[in-house]
Amino acid sequence: MNPSLLNITPELAASVASKTAAVQARLADIAADWSPATFANSLGAEDMVLTDLIVKSGLPLEIFSLDTGRLPLETYDLMATVNRKYGLKLKIYFPQAEEVEGYVRHYGINAFYESVTLRKACCHARKVEPLKRALAGKRAWITGLRAQQAATRTDLPFREFDEGNGLEKFNPLADWTEKEVWTYIKQNDVPYNALHDKFYPSIGCAPCTRAIAMGEDVRAGRWWWE
């Protein structure tokens, strides 16, 4: 969605105000009851809403990002903007060099295009392993996931137990719509990734992300060759 084209109706504004208050309460409860808790900020639109709310509320919640080593330039630009606007230096986790080096030497620099197995192996080295380190020692983590983002997320709860990582997982924006996310961003002058203006609803690594066409699923731009 291009935020410049968004029409903020009174009903939409009222819905965002109500849901914002609810998210603020959820975040405060997480900070109070689940310390140490951390927020995984992938720098998408939803994550920028949560970043704005956490910083403005002064909540003791760590905010981290994963630098896979293949992010788009626009994502790095947003990291710098976050620092300037909020005085927030994101805690960045990088892949283990030996894992990435081993993958590239064995399979090739762009091997993830060759099979789902090799794509998942690349994701494991660049994202899964760093995420496990980021979550180590935490009681809970927070994401910007929304139920509307994909058919597989329609029943996304506000809270769930993450079996894979062994801790509580909170999705404070689970019931938000795309329009509500962009309304908050527009109303609060929240910075966002410039790729969103080029029809990138979901942004990951540069080689694995493309813009989508009108009518395509919002996740169609991720791992599009599969």
Side-chain angles (χ1 to χ4, degrees), residues 38-48 50-51 62-79 90-138 140-156 160-171 173-174 193 195-196 198-212 216-226:
T38 190
F39 165 44
N41 184 353
S42 65
L43 298 156
E46 291 80 8
D47 291 337
M48 291 310 303
L50 289 174
T51 298
E62 177 188 81
I63 302 177
F64 76 88
S65 292
L66 304 180
D67 184 347
T68 65
R70 301 203 66 167
L71 298 178
L73 173 62
E74 291 84 354
T75 301
Y76 292 114
D77 288 342
L78 182 55
M79 287 182 183
L90 295 166
K91 188 170 185 179
I92 306 295
Y93 286 85
F94 295 88
Q96 298 281 14
E98 58 272 18
E99 280 204 40
V100 176
E101 287 174 1
Y103 177 92
V104 172
R105 287 173 183 169
H106 193 70
Y107 301 112
I109 193 68
N110 287 335
F112 45 82
Y113 289 133
E114 297 174 14
S115 71
V116 173
T117 298
L118 287 177
R119 191 266 294 170
K120 289 183 177 180
C122 186
C123 286
H124 186 275
R126 294 181 183 274
K127 296 194 302 184
V128 176
E129 190 281 329
L131 176 63
K132 287 189 176 297
R133 280 188 282 121
L135 299 182
K138 302 297 190 297
W141 67 301
I142 301 164
T143 82
L145 297 177
R146 292 187 298 109
Q148 279 194 350
Q149 285 174 317
T152 55
R153 297 177 182 171
T154 53
D155 296 322
L156 184 72
E160 56 188 321
F161 185 73
D162 182 346
E163 295 280 356
N165 290 298
L167 73 171
E168 292 296 317
K169 180 179 178 182
F170 292 90
N171 311 301
L173 301 181
N193 196 310
L195 288 175
H196 287 308
K198 300 177 181 179
F199 305 102
Y200 282 72
S202 178
I203 302 168
C205 290
C208 302
T209 308
R210 67 161 173 81
I212 65 170
E216 280 192 295
D217 184 86
V218 293
R219 297 288 293 179
R222 299 294 295 274
W223 308 306
W224 39 269
W225 64 92
E226 294 179 4

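In this structure, the ring pair (Phe, Tyr, Trp, His ring centres under 6.0 Å) partners of Phe170, at least two apart in sequence or on a different chain, are Trp34. Evaluation of the ring pair (Phe, Tyr, Trp, His ring centres under 6.0 Å) rule for Tyr93 yields Phe64 as partners, not counting sequence neighbours. Here Glu62 pairs with Lys91, Lys138 under the salt bridge (charged side-chain N to carboxylate O under 4.0 Å, His left out) rule; sequence neighbours left out. Qualifying side chain to side chain donor-acceptor pair (under 3.5 Å) partners for Thr51, counting only residues two or more places apart in sequence or in other chains: Asn41. Judged as a side chain to side chain contact (heavy atoms under 4.5 Å, CB included), and not counting sequence neighbours, the contacts of Gln96 are Glu98, Glu99, Glu129, Arg133. Residues passing the salt bridge (charged side-chain N to carboxylate O under 4.0 Å, His left out) test with Arg222: none are found, sequence neighbours excluded. Every residue was checked against the side chain to side chain donor-acceptor pair (under 3.5 Å) condition with Thr68, not counting sequence neighbours, and none meets it. Residues passing the ring pair (Phe, Tyr, Trp, His ring centres under 6.0 Å) test with Tyr107, sequence neighbours excluded: Tyr103.
Looking at every heavy atom in both residues, Tyr200 comes nearest to Thr209 through CD2-CG2, 3.5 Å. Nearest heavy-atom pair, Phe39 versus Ile142, reported as atom, atom and distance to 0.1 Å: CD1-O, 3.3 Å. For Pro95 against Pro130, the heavy-atom pair with the smallest separation is CA-CG, 3.7 Å. Heavy atoms only, all atoms of each residue included: Ile203 and Asn193 are closest at CD1-CG, 3.5 Å. The two residues Gly204 and Pro72 make their nearest non-hydrogen contact at O-CD, 3.2 Å. Among all heavy-atom pairs drawn from Pro201 and Phe199, the shortest one is CD-O, 3.2 Å.
Interatomic distance, Leu71 CG to Leu66 CG, rounded to the nearest 0.5 Å: 8.5 Å. How far CD of Glu46 is from CG of Leu173: 7.0 Å, rounded to the nearest 0.5 Å. From Trp223, atom CH2 reaches atom OG of Ser202 across 7.5 Å, with rounding to the nearest 0.5 Å.
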Sequence neighbours excluded and cut-off under 3.5 Å, please list the side-chain donor-acceptor pairs for residues 111-124, or say none.
residue, atom, partner, partner atom, Å
Tyr113, OH, Pro207, O, 2.8
Ser115, OG, Leu118, N, 3.0
Arg119, NE, Glu226, OE2, 2.8
Arg119, NH2, Glu226, OE1, 3.0

Give the table of side-chain donor-acceptor pairs shorter than 3.5 Å for residues 160-167, with sequence neighbours excluded, one pair per line with atom names and distance.
residue, atom, partner, partner atom, Å
Glu160, OE2, Asn171, ND2, 2.9
Asp162, OD1, Gly164, N, 3.1
Asp162, OD1, Asn165, N, 3.1
Asp162, OD2, Trp141, NE1, 3.1
Asp162, OD2, Asn165, ND2, 2.8
Asn165, OD1, Lys132, NZ, 3.4

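Listed by first then second residue, pairs satisfying salt bridge (Lys or Arg N to Asp or Glu O under 4.0 Å) with a partner in residues 64-73 number zero, not counting sequence neighbours.
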(message) Please evaluate residues Leu43 and Leu90 with respect to the criterion side chain to side chain contact (heavy atoms under 4.5 Å, CB included), reporting the C-alpha separation (whole Å), side-chain torsions for both, the decisive distance (0.1 Å), and the verdict.
(response) CA-CA 10 Å; Leu43 298 156; Leu90 295 166; 4.0 Å; yes
